[in-house]
Chemist: 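Have a look at this one before I ask anything.
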Amino acid sequence: MSNPDLDETFSAFWNDLLFEAEVSAEPQGRAFFQLYSRLATQNGDCLDLAYAPAHREGRGGYQIDGYALETERGDLYLAISDFRPGRQLETLNAAQIDALFERVRRFCELAVQPAFINGLEETSPTFEAAWIVHSHRSAIRRIRVIALSNARLSTRRKPEMMGEVLGVPFVCSVLDFARYVDISAAHGGAEPIEINVAELNGAPLPCLPAHDVGGDHASYLMAVPGRLLADIYGLYGARLLEQNVRTFLQAKTKVNSGIIRTLETVPEMFFAYNNGLTATASGITTSKLPDGTLGIAAIENLQIVNGGQTTASILYASDQRKADLSGVFVQMKLSVVNPDRLEEIVPKISRFANTQNKVSEADFFASHPVHLVLEKISRGQTAPAKPGSLSGSKWFYERARGQYRDRLAYGTPAERRRFELEFPRDQFIDKTELAKVEITFDCRPHIVSRHGQKCFLEFAETIGKVWASSEATFNAHWFRRAIAKAIAFNSTDKMVGTSAWYKEDRGYKVQIVTYTIAWLVHHLQSQDLELDLNIIWQRQELPEEIGAAMRELAPQIAATLKDAPPQVRNIDSYCKLQACWAAVSGASYSFASSLEGFVVNRTEAERERKQAIAAKRTDKDIDIDRAIVAMLEDAEPYLTFARARRLLTPKSEAALRRLTRGDIRLPASERNALTYMLEKMQQAGFEFPGSAKSALAEEQVQ
């Protein structure tokens, strides 16, 4: 990207930053951290970071702004912000980057000193960050630092090992503005990783061409040295793992003790005992080896889709157990996929490659069809006009990262203005935001406090079960309720952020908000009541009476969260525990605001939900009838596509055969099988001709 392009994008970035600051009621520096750390987490550069700004200027100064600890593998993630308040894009040179990393190094070295930790106020962000390092020093096996900057690097830098700190590897990477733009443009996927195999391995890696499918993908088999695999994972960490596998590993996988034992006792047998890896790439560079065979010198966009546990365990064995990897080799199947089909094929390879492991459907929830349904509803569901507005607008559900930004940038200035009027910036919700508000209203604030990825996985577990039970649950009524919950959450978040009591002692805002809402929901449930979400949807704002209750409750609940048991020295960690929610939910808080007229009986709310599900099922049946009639014209394209994608079952094939004979009187079992097949065909990208397409794609807005 040229400098003029970056300068123009930088102006748009500032609009995003100012909007983030306004919505969150936080200073620009905090809003900057939120934007960058969120993207870094999605890209796999780090886990969800807790914001804990710790700064000291002058001689011996230090700084970190966020942290996360992966206890099973001993990875400590630290972030340092380089926020530039100027409106012109500045340059970040190597000396400035090194100075940032040096400030992080000094913080780590100070954090383990008793005199330093004992001299800090225990409620301060500096203590919070330092205590993580101090209390987990023996468990930390690798420190991964990411510098977040809205300046542009003069020369792009890959992740690099910068010696050791506290006796463990110190791996540093930079998320500058140019990289921020590149990752944002990658939509739902991660930033491509370019691996120079010849450089890291000392020579190209011998490989055996195994399979080639006409330009769509080609497969290669190879034996990867354990040392090479550990070095690559040591540098790139979770970025090396395909998104589904990354979420799974970061959420719940422990290092495999059996793998560690093999590496320690019989490393020469590792190749024979281990199942190996499945990986994908968008391209490779090959070269001839001295013996005339083929070797891989470089890999573009490498992603491990099966074998993440093996990869992480090899690095763990090297770091913690000091295992000798010189005789370790891992078998790997590498599929080189046409870049145009990466988003389609790679998730399928990941799903099928993991069917024999403990990766549940929830781990693949990012590509679950429920997102398509919610996206479809959001594009057609007009919200009531806000007070002072003459017309209604819509809420934009972002199924894949970058959808809203792309639409906002598309077309003429007049078209962009029309789009923003239809879908205002403050009426945007994505998958992780949806997970946060739904889990909050499900009275699990301790899960929300575990931050984005782990909260999302819990949401996936819940929604996956509901979807399997009844897809019709996810209708326009469900969507309107979800948006009402988001309005309540966002309003409470802004209220807390602008409160004088919060400004005096900033920190733990998300935890305060989720616990406050959850307590009120729990309190009402004990009386068989719930907030009237229909009123919130109709008004498109939180009624003052509910807001007043939140204003009274929030500081009381904040005090409970910060008054943790004596043995707890990290409030962020405490908020993630079921015990914390038990303490809050069991406490009595008072509020003078009357909620009469803003709550409904839970039985009545359940009756409305069931009516909406029944209506959705009826409309779906009508759509399928229209599609079946349209298929009478020519059923062969459906049959060919379904057979090629292995979507055909005996009953759906029997239904298609009936239709080719002009018989639309399908038995219930064949009709159900055909309905399921058509839905899967639509998700697989089948182009429905004519009226069948309109029937299946029609918006269902109740």
Side-chain angles (χ1 to χ4, degrees), residues 16 19-20 23-24 26 31 33-51 66 68 77 180 183-184 186-190 238 241-252 347 362-375 378 395-405 425-442 444-464 467 474 478-479 482-483 485-490 492-493 509-511 513-514 517-518 572 575-576:
D16 291 342
F19 181 76
E20 178 83 18
V23 169
S24 64
E26 294 284 7
F33 180 87
Q34 289 172 336
L35 283 176
Y36 264 66
S37 63
R38 188 184 307 145
L39 195 71
T41 301
Q42 292 170 351
N43 192 55
D45 285 279
C46 56
L47 298 181
D48 290 297
L49 297 167
Y51 182 62
Y77 294 87
Y180 179 89
I183 297 172
S184 299
H187 302 298
L241 308 178
E242 193 269 335
Q243 184 179 10
N244 295 320
V245 181
R246 181 192 317 142
T247 302
F248 169 60
L249 279 174
Q250 291 181 351
K252 55 187 178 182
D363 304 314
F364 300 101
F365 189 67
S367 54
H368 196 283
V370 71
H371 300 303
L372 294 169
V373 172
L374 297 179
E375 177 187 46
S378 80
W395 280 77
F396 191 98
Y397 180 70
E398 187 172 76
R399 176 177 54 83
R401 189 176 71 228
Q403 281 182 312
Y404 185 83
R405 188 185 302 107
R425 284 175 180 261
D426 61 348
Q427 292 180 193
F428 164 93
I429 186 169
D430 62 14
K431 296 189 294 288
T432 55
E433 290 295 308
L434 180 64
K436 180 173 67 178
V437 300
E438 284 292 320
I439 296 295
T440 292
F441 274 79
D442 197 31
R444 292 188 285 169
H446 56 294
I447 301 297
V448 176
S449 299
R450 294 172 189 174
H451 306 300
Q453 289 185 340
K454 293 183 179 180
C455 176
F456 182 66
L457 198 70
E458 289 286 340
F459 177 62
E461 294 280 2
T462 302
I463 295 301
W467 176 271
F474 301 95
W478 190 95
F479 181 78
I483 295 302
K485 294 172 186 176
I487 292 171
F489 194 102
N490 295 340
T492 306
D493 184 87
K509 186 172 67 161
V510 170
Q511 292 90 330
V513 172
T514 186
I517 295 173
D572 181 72
C575 291
K576 298 174 183 178

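These numbers were taken from a predicted model, which means no experiment stands behind them. This chain uses plain numbering: 1 for the first residue, then up along the sequence.
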Chemist: Give, for atom CD of Q427 and atom OG of S378, the distance between the pair rounded to the nearest 0.5 Å.
Modeler: 11.5 Å

Chemist: What closest approach, in Å, do A68 and L47 show between heavy atoms, and which atom pair accounts for it?
Modeler: CB-CB, 3.9 Å

Chemist: For the pair K431 (side chain) and E398 (backbone), establish whether a donor and an acceptor sit closer than 3.5 Å, ignoring hydrogens and angles.
Modeler: no

Chemist: Looking at N490 and A486, would you say the former's side chain and the latter's main chain have a donor-acceptor pair under 3.5 Å?
Modeler: yes

Chemist: Do D426 and F19 come within less than 4.5 Å of each other through their side chains, counting heavy atoms only?
Modeler: yes

Chemist: How close do L49 and G66 get, counting heavy atoms only, and between which atoms?
Modeler: CD2-C, 4.4 Å

Chemist: List in chain and number order the residues that pass side-chain contact (heavy atoms from CB on, under 4.5 Å) with A518, two or more places apart in sequence or in another chain; answer none if no residue qualifies.
Modeler: P445, W581

Chemist: Of K454, H451, Q511, which meets side-chain contact (heavy atoms from CB on, under 4.5 Å) against K576?
Modeler: H451

Chemist: Is any side-chain heavy atom of T41 closer than 4.5 Å to a side-chain heavy atom of Y77?
Modeler: no

Chemist: Does a side-chain heavy-atom distance below 4.5 Å link T462 with R444?
Modeler: yes

Chemist: Would you compute the distance between atom SG of C455 and atom NE2 of H446 and round it to the nearest 0.5 angstrom?
Modeler: 10.5 Å

Chemist: Would you name the heavy atoms of S184 and L39 that are closest together and state the gap between them?
Modeler: OG-CD2, 3.6 Å

Chemist: If the condition is side-chain contact (heavy atoms from CB on, under 4.5 Å), which residues does V373 pass it with, not counting sequence neighbours?
Modeler: I377, W467, F474

Chemist: Just how far is it from atom OG of S449 to atom CG of D572, taken to the nearest 0.5 Å?
Modeler: 7.5 Å

Chemist: Considering all heavy atoms of both residues, which atom of I439 and which atom of E458 are nearest to each other, and what is their separation?
Modeler: CD1-C, 4.4 Å

Chemist: Indicate yes or no for a side-chain donor-acceptor contact from K509 to the backbone of S24 under 3.5 Å, with no hydrogens or angles considered.
Modeler: yes

Chemist: Calculate, to the nearest 0.5 Å, the distance between atoms CZ and CG belonging to F456 and D430 respectively.
Modeler: 9.0 Å

Chemist: Going through the distances and angles, do R425 and D16 end up as a salt bridge (charged side-chain N to carboxylate O under 4.0 Å, His left out)?
Modeler: CA-CA 9 Å; R425 284 175 180 261; D16 291 342; 2.9 Å; yes

Chemist: Evaluate the side chain to side chain contact (heavy atoms under 4.5 Å, CB included) criterion for residues F489 and E433: first the C-alpha distance (whole Å), next the side-chain angles of each, then the deciding distance (0.1 Å), finally the verdict.
Modeler: CA-CA 10 Å; F489 194 102; E433 290 295 308; 5.7 Å; no

Chemist: Kindly compute the distance separating CG (N43) from OH (Y36), expressed to the nearest 0.5 Å.
Modeler: 13.0 Å

Chemist: Working to the nearest 0.5 angstrom, can you tell me the gap between R405 CZ and F428 CZ?
Modeler: 8.0 Å

Chemist: Show the numbers, then the answer: is there a side chain to side chain contact (heavy atoms under 4.5 Å, CB included) between D442 and F459?
Modeler: CA-CA 10 Å; D442 197 31; F459 177 62; over 6 Å; no

Chemist: For residues H371 and Y397, determine if any side-chain heavy atom of one lies less than 4.5 Å from a side-chain heavy atom of the other.
Modeler: yes

Chemist: With the side chain counted from C-beta on, respond yes when K485 and L434 share a heavy-atom pair under 4.5 Å apart, and no when they do not.
Modeler: no

Chemist: If the condition is ring pair (Phe, Tyr, Trp, His ring centres under 6.0 Å), which residues does F33 pass it with, not counting sequence neighbours?
Modeler: Y51

